[in-house]
Amino acid sequence: MSGTRLVLVDGSGFIFRAFHALPPMTREDGTPVNAVFGFCNMLTRLLKEHTGTHLAVIFDAGRTTFRNAIDPRYKAQRPEPPEELIPQFALVRDATRAFSVPAIELDGFEADDLIASYAAAMQAAGGEVVIVSSDKDLMQLLGAGVSMLDPIKSIPIGPDEVMAKFGVTPAQMIDAQALMGDSVDNVPGVAGIGPKGAAQLIGEYGTLEAILAAAASGAMKPSKRRDALVAHAEDARISRQLVALRTDVPLPLPIEDLVLAAHDDAALHDFLDAQGFKSIKARLGLDGLARRHDERAAPAAPVAARGVEAGFGPYETIDTPAALARWVAAIRAAGLVAIDTETTDLNARRTRLVGISLATAPGVAAYIPLGHELGEQLPRGAVVEALAPVLGDRAILKIFHNAKFDLHVLAGAGLADAAPIDDTMLISYALEAGAHGHGMDELSALHLDHKPIAYDEVTGTGRNRISFSAVPIERATAYAAEDADVTLRLWQMLRPRLREAKALALYEMLERRLVPVLLDMERAGIMVDRDDLVAMSAEFARRMDEIQRDIEQMVGHAFNLGSPKQLGEILFDEMKLPGGKRTKTGAWGTDAAVLDELAEVGHELPVRILEWRQLQKLKSTYADALVTEIDIEDRRVHTNFAQAIAATGRLSSNDPNLQNIPIRTREGARIRRAFIAAPGHALISADYSQIELRLLAHVADIPALKASFINGEDIHARTASEVFGVPMEGMDAATRRRAKAINFGIIYGISAFGLARQLGIENGEAKRYIDAYFARYPEIRRYMNETREFARTHGYVATPFGRRCYVPGIADKNPARRSYAERQAINAPLQGGAADIIKRAMVRLPAAIAASGLTLRLLLQVHDELLFEAATDQAEPAAALVRGIMQEAAVLSVPLLVEAGIGGNWSDAH
DNA sequence: AACGTCCCGTAC
DNA sequence: GACGTACGGGACGTTA
C-alpha cells in the first residue's frame with residue numbers, strides 16, 4: 001500500500017472545537033449550524049488540497065466504551081453538550097455523507113481508538129496517515145508515516161510541536177498524560193503534576209514505571225511530588241490504560257473502501273442549500289445547479305458564514321458580557337488569538353486604549369469598543385478582567401502585527417502580562433528584509449490579495465482628522481476587526497515559511513525575544529538636561545543672527561539662508577564663484593563638500609555659511625526638537641525603536657531619533673552632554689570596536705586581516721602600512737586617515753569615484769589605492785565577486801547568522817541601479833552580521849542582569865553601542881558584566897572587542 | 001492648510 | 001549617476 005495516503009478526520013473532536021471557535025449561526029429554520037458550517041469548510045479544503053488518496057471521518061459512538069470498565073469515573077462527570085450543539089451531531093454525519101465520504105463509528109470505542117487502529121493498519125501496510133485533529137490524545141500516534149494536521153489553523157502538528165507544547169516526544173505522550181491526568185475526561189493522573197512536571201519527570205527517568213519505581217524506592221529525593229507519586233501510583237497506572245489508545249479495534253470498513261470518490265454534485269448541492277451555505281456552494285462551483293426539489297432561490301448565507309470562509313467581514317461588536325464570555329471561550333478553544341488595539345494617538349507610549357479587536361480564525365473576528373465617545377460599551381474593568389487570564393495564559397498564543405505597539409498600549413490599560421506572542425511584522429521581516437515593507441496593509445495586499453480599510457479612511461487626515469475615540473462604533477468595528485482578521489491570516493500564511501526559509505531560529509531566538517527588551521528600553525527612556533538644551537538653543541540663535549548679518553553684508557542683500565536654492569543662485573549666478581556643481585534636479589549644489597572647496601580657494605563667505613548651517617542643524621534638529629520630546633512625568637526622552645525597517649537587520653530609531661545624536665564636532669558634543677544619568681546613577685557606554693571590519697575578516701576569510709585583529713593591532717595603521725608601504729611606527733595622521741577611508745570604503749562596496757570624493761583626490765589615485773588594497777588582501781576581491789554572484793542567483797545575500805537581506809535591483813538592466821544593488825549586497829552581510837551580534841547580546845542581557853543583582857538597565861542601542869544606566873557605586877562591575885556579554889555574543893575567527901566607559905553624561909561615558 | 005519631494009546633515 | 005544603513009528639518013512646489 002505504499003503510495004497510499006489515508007486522511008482520517010477526527011469528526012467528534014472537530015465538532016466541539018468548531019462549535020466553540022466559531023460564532024453562532026443558524027440556518028433559515030433556526031437550527032444552529034456553526035459547527036456544521038466549519039466542518040463543511042474543512043472538508044472542502046481537504047478535498048481541494050488533495051491531501052490524500054483515501055479519506056474517512058471518524059466519530060465517537062455512544063457514551064460508554066471499554067474505558068468505563070477500567071475506571072467507572074472515566075468521563076463520568078462530563079457535562080451534557082450545549083443545547084445548540086446537539087442537533088449538529090447528526091447534521092455533521094449527514095454532511096459527511098453528502099460529500100460522499102465514509103463516516104465511521106463503532107460501538108464501545110472512541111473515535112481515537114478507531115483512528116489509532118486504522119493508523120496501525122496503514123503503518124503495517126507501508127502507507128501514510130494524516131490525522132486531521134488537534135487533540136493531544138492523538139499525539140501519541142505521531143511517528144513514521146503518521147502526521148497530524150490542525151483542522152482549524154491548517155497547520156501541521158509534528159514531533160517538534162509536541163515537544164514545544166508538552167516537552168516530551170510523541171512516544172512519551174502516553175506516560176506524560178498518565179501523570180498529568182485530564183480534568184475534562186476525569187482521568188485522575190497524579191495530583192499536583194501538570195504538563196511541566198510530567199515532562200521534567202519523564203526527561204529525568206524516561207518512563208512512567210521508572211518514575212514510580214524511583215519514587216517508591218527512595219531514589220527520588222523526598223518532596224511533596226514524591227509523596228504524591230507514591231500515593232497515586234495506582235491512579236497513574238489506571239490513567240495510563242485510559243489514555244493509551246487501542247490499535248486492535250476491528251475496522252468497520254476496509255481501507256480500500258475509503259478511497260476518495262467523486263461526490264454526487266446534486267446531493268451535495270441540496271445539502272448545502274438546505275443549510276444556507278451559499279459561499280461553500282460557490283467554492284465548490286455548485287452555484288449553477290438548480291435545486292432538485294425546490295426551485296426557489298437559496299436563502300442568503302448567514303452573515304457569519306461569509307466571514308468564516310474567505311470574506312473579510314462583517315464582524316461582530318462585543319458589547320455584552322455574554323458575547324465577551326463567548327469570545328473568551330472561543331479563544332481558549334482555538335488556543336490562539338490575533339489581537340489589535342485601537343488608540344487615541346499613533347505614539348504607543350502616550351496613547352490611550354480605545355478598543356481591542358480579536359480574531360480566532362479567518363473571517364472570525366470581533367471588536368470590543370472601550371473608549372468611544374458614543375455608544376453602548378462594556379466597562380473597561382470588566383473587559384480587562386475577562387481578558388487578563390487569556391493574555392496571561394502561556395498556553396494561548398497571542399498574535400500581533402507590530403506587537404511592541406500593542407504591548408505598550410495593553411500595559412497602559414493594566415494588561416501587562418501577554419506571553420507568548422508572535423508578531424507577523426517580525427515574521428515577514430525575518431523572511432524578507434529588504435524585499436518590501438512590512439506594514440499590515442502592504443503585506444495584506446501582497447499575501448492575501450486584499451486591501452484592508454485604511455486608517456486614514458476612518459479618521460480622516462490633516463485638519464479633519466478625528467481621534468479614533470470619535471469614530472462611530474460600527475465603523476470602528478469594520479476597520480479594527482478586519483485588522484485582527486488580516487493579522488491572523490498573515491500568521492497562517494507566513495509562520496510556516498520561517499522553517500522553509502531557514503529563518504525560524506532568527507525569528508524565535510533573536511527578533512521575537514528582542515520585543516520585550518526594546519519595550520523596556522523605550523519605557524525607560526533617557527534623562528536630558530532641559531535647561532541646558534534651552535540655553536544652548538538661545539546661544540545658537542544669537543550666534544546665527546550674528547553670522548547672518550555678516551553674510552548679508554558680504555552678499556549685499558538679505559535672503560533666506562536656509563534655502564539652498566537661493567544660496568546656490570547667489571554663490572554661482574550672482575557672485576560667479578568657481579566650481580559650481582548641479583544637483584540631479586539641475587539646481588546648484590551647496591552641500592558641505594562644495595562649500596569646503598570654495599573655502600579652500602580662499603573665500604570667506606562659504607566658511608560663514610558652514611558655521612551657520614552647523615548651528616542651524618544643532619538648534620533645530622537637536623536642541624529644539626529634543627526639548628519638545630521630554631516627557632513631563634519623568635523628564636526623560638523616550639524613543640521608538642523600529643525593528644522591521646532597515647534592509648540589513650539594523651534597528652532604527654524615531655520620534656525622536658536617538659541614534660544620530662552628534663558626537664564628532666565640539667559643538668555637537670555639547671548636545672550629547674545634555675544626555676545625563678539620573679541622580680545617583682551613571683551612564684555606561686559599551687561599543688564594539690571595528691565590528692564590521694572584523695566580520696569582513698571573518699566572512700571573507702582574510703588571513704592577514706584576521707592576524708591583525710588577533711594581535712590587537714591598530715587596524716587602520718596596519719592597512720596604511722600594507723597599502724602604502726610605510727612602517728607602522730611614526731605614521732603620520734593623514735596616511736592613517738586615508739587607510740581608514742579605504743577600510744570604510746571596502747565595507748560599503750568601494751568604487752574609485754566614491755573613495756576619490758571621500759578623500760578629495762583624483763579618481764585615478766583612488767583607483768591605485770584600491771588596486772593596492774586588493775593586491776595586498778586578494779581574498780577581498782574573491783569575497784566581493786562571490787557575494788555579487790550569490791545575490792544575482794538568489795536575489796538576496798545572507799549574514800553569517802542566516803539573516804537574508806534582499807537586494808531587489810541586483811538584476812536591473814540599468815547599470816547604475818545594478819551597481820547600487822551590488823554594493824548593497826557586499827555591505828549587507830557585514831552591517832547585518834553586526835546587527836545580529838548586538839541583538840544577540842541584547843536578548844541575553846536581561847537574564848544576566850537579573851542574575852547579577854546589579855541595578856542596571858539598558859537605555860539605548862546605536863548600532864554598535866549599548867548605553868546603560870547603573871547605580872553609581874555599581875558602575876564598574878556593571879560595565880564588566882556588559883563587556884563580557886557583548887564580547888561573548890558570537891564566536892568568530894577573530895575576537896570581538898568591546899570598549900566600555902562610565903560617565904555622568906553620554907559624552908563623558910565614551 | 002496639507003502633503004510630497006528635494007536638499008542637506010547627523011549618526012554608525 | 002556618484003562607497004552602505006537610517007531619520008528628520010526646512011524650503012518649496014503641488015494639491016485640496
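Remember, it's a predicted structure, so these values are computed and weren't measured experimentally. Side-chain atoms are counted along with the backbone in the values below, which use heavy atoms only and exclude waters and symmetry mates. Throughout, a chain's letter reflects where its sequence line sits, starting with A, and its residues are numbered from 1.
Of the possible donor and acceptor atoms, none in the side chain of Tyr796(A) sits under 3.5 Å from a partner among the backbone N and O of Ala435(A). Between the Glu765(A) side chain and the Ala756(A) main chain, no donor and acceptor come within less than 3.5 Å of each other.
Within the 4.0 angstrom heavy-atom criterion, only backbone atoms of the sugar-phosphate kind lie near Ile661(A); the bases stay farther away. Among the heavy atoms of the strands lying under 4.0 Å from Gln758(A) is at least one base atom, whether or not backbone atoms are also near. Contacts of Arg650(A) with the nucleic acid, taken as non-hydrogen atoms under 4.0 Å apart, include base atoms. No contact: Glu692(A) has no heavy atom under 4.0 Å from any strand. Contacts of Gln566(A) with the nucleic acid, taken as non-hydrogen atoms under 4.0 Å apart, involve only primed sugar atoms and P, OP1 or OP2. Counting non-hydrogen atoms under 4.0 angstrom, Arg817(A) reaches nothing in the nucleic acid. Counting non-hydrogen atoms under 4.0 angstrom, Gly745(A) reaches a base of the nucleic acid. Counting non-hydrogen atoms under 4.0 angstrom, Ile645(A) reaches the backbone sugars and phosphates but no base.
Nearest to the side-chain atoms of Thr621(A) among the listed nucleotides dA2(C), dT5(C), dG9(C) stands dG9(C). When distances run from any side-chain atom of Ala646(A) to the nucleotides dC3(C), dA6(C), dC12(C), the shortest one goes to dA6(C). Checked against dG4(C), dC7(C), dG10(C), the side chain of Ser652(A) finds its nearest nucleotide in dC7(C). Which of dC3(C), dG8(C), dT5(C) sits closest to the side chain of Asn657(A) comes down to dG8(C).
Rounded to whole Å, atom C1' of dG1(C) lies 11 Å from atom CZ of Arg757(A). Atom CG in Leu755(A) sits roughly 13 Å away from atom P in dG4(C) (whole-Å rounding). Between the P atom of dC7(C) and the CG atom of Leu651(A) lies a distance of 11 Å, rounded to the nearest Å. Remark: P of dG9(C) and CH2 of Trp612(A) are 15 Å apart, rounded to the nearest angstrom. Residue Lys617(A) contributes atom NZ, which lies 14 Å from atom C1' of dA11(C) at whole-angstrom precision. Distance Leu615(A) CG to dG9(C) P: 18 Å, rounded to the nearest Å. One can place CD of Gln616(A) at 7 Å from P of dA11(C), the figure rounded to the nearest angstrom. Whole-Å rounding puts the Gln643(A) CD to dA6(C) P distance at 15 Å.
For Arg350(A), the CZ atom counts as loosely surrounded, since its 6.0 Å shell holds 12 or fewer non-hydrogen atoms of other residues, nucleotides or ligands.
Remark on DNA chain C: of its neighbouring residues Lys565(A) and Phe744(A), the 5'-side contact belongs to Phe744(A), judged by nearest-heavy-atom nucleotide.
Contact check, Tyr820(A) against dT5(C): a side-chain N or O comes under 4.0 Å of OP1 or OP2. Applying the 4.0 Å criterion to OP1 and OP2 of dC7(C), one finds that Gln659(A) has every side-chain N and O outside that range. Within the structure, a side-chain polar atom (N or O) of Ser563(A) is placed less than 4.0 Å from OP1 or OP2 of dC12(C). An OP1 or OP2 oxygen of dA11(C) is reached within less than 4.0 angstrom by a side-chain nitrogen or oxygen of Asn560(A).
The stretch residues 771-783 of chain A has no heavy atom under 4.0 angstrom from DNA chain B at all. Looking at residues 826-845 of chain A, you'll see Asn827(A), Gln831(A) sit with a heavy atom under 4.0 Å from some atom of DNA chain C. Of all the residues in residues 577-601 of chain A, Thr583(A), Lys584(A), Thr585(A), Gly589(A), Thr590(A), Asp591(A), Ala592(A) reach under 4.0 Å from DNA chain B with at least one non-hydrogen atom.
Leu651(A) places a side-chain heavy atom less than 4.5 Å from the side chain of Lys839(A). Residues Gln831(A) and Tyr748(A) form no side-chain contact, since every pair of their non-hydrogen atoms from C-beta on lies 4.5 Å or further apart. Side-chain contact between Leu595(A) and Leu571(A) is present, with at least one heavy-atom pair separated by less than 4.5 Å. Glu569(A) is not listed as a side-chain neighbour of Phe559(A), based on a closest heavy-atom distance of 4.5 Å or more. The closest side-chain heavy-atom distance from Leu859(A) to Leu683(A) is below 4.5 Å. The side-chain heavy atoms of Trp588(A) and Arg582(A), taken from C-beta on, include a pair separated by under 4.5 Å. In this structure the side chain of Glu869(A) never reaches within 4.5 angstrom of the side chain of Ile526(A), judged on heavy atoms. Contact of the Met575(A) side chain with the His603(A) side chain is not registered, since no non-hydrogen atoms from C-beta on lie closer than 4.5 Å.
Here Asp624(A) pairs with Lys619(A) under the salt bridge (Lys or Arg N to Asp or Glu O under 4.0 Å) rule; sequence neighbours left out.
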**OP:** Kindly express the pairing pattern of DNA chain C in dot-bracket notation, using | wherever a base pairs with another strand and counting only Watson-Crick or G-U pairs under 3.5 Å.
**Re:** ...||||||||||||.
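For the pair Arg673(A) and Trp906(A), the cation-pi test (distance below 6.0 Å, angle within 45°) is failed.
Remark: the Asp701(A) side chain and the Tyr783(A) side chain contain no N/O donor-acceptor pair separated by less than 3.5 Å. Arg804(A) and His794(A) are not linked by any side-chain donor-acceptor pair at a separation below 3.5 angstrom, with hydrogens and angles left out of the test.
A salt bridge is absent between Glu789(A) and Arg782(A); no separation between the charged side-chain nitrogens and carboxylate oxygens falls under 4.0 Å. Using a 4.0 Å cut-off between charged nitrogen and carboxylate oxygen, Glu667(A) and Lys617(A) do not count as a salt-bridge pair. Remark: Lys404(A) engages Glu522(A) in a salt bridge, criterion side-chain N to carboxylate O under 4.0 Å.
For DNA chain B, the outermost nucleotides in 5' to 3' order that have an atom under 4.0 Å from a heavy atom of chain A are dA1(B) to dC12(B).
The gap from the C1' atom of dC3(C) to that of dG4(B) amounts to 28 Å, rounded to the nearest Å.
For Phe724(A) and Tyr769(A), the ring centers sit closer than 6.0 Å to each other.
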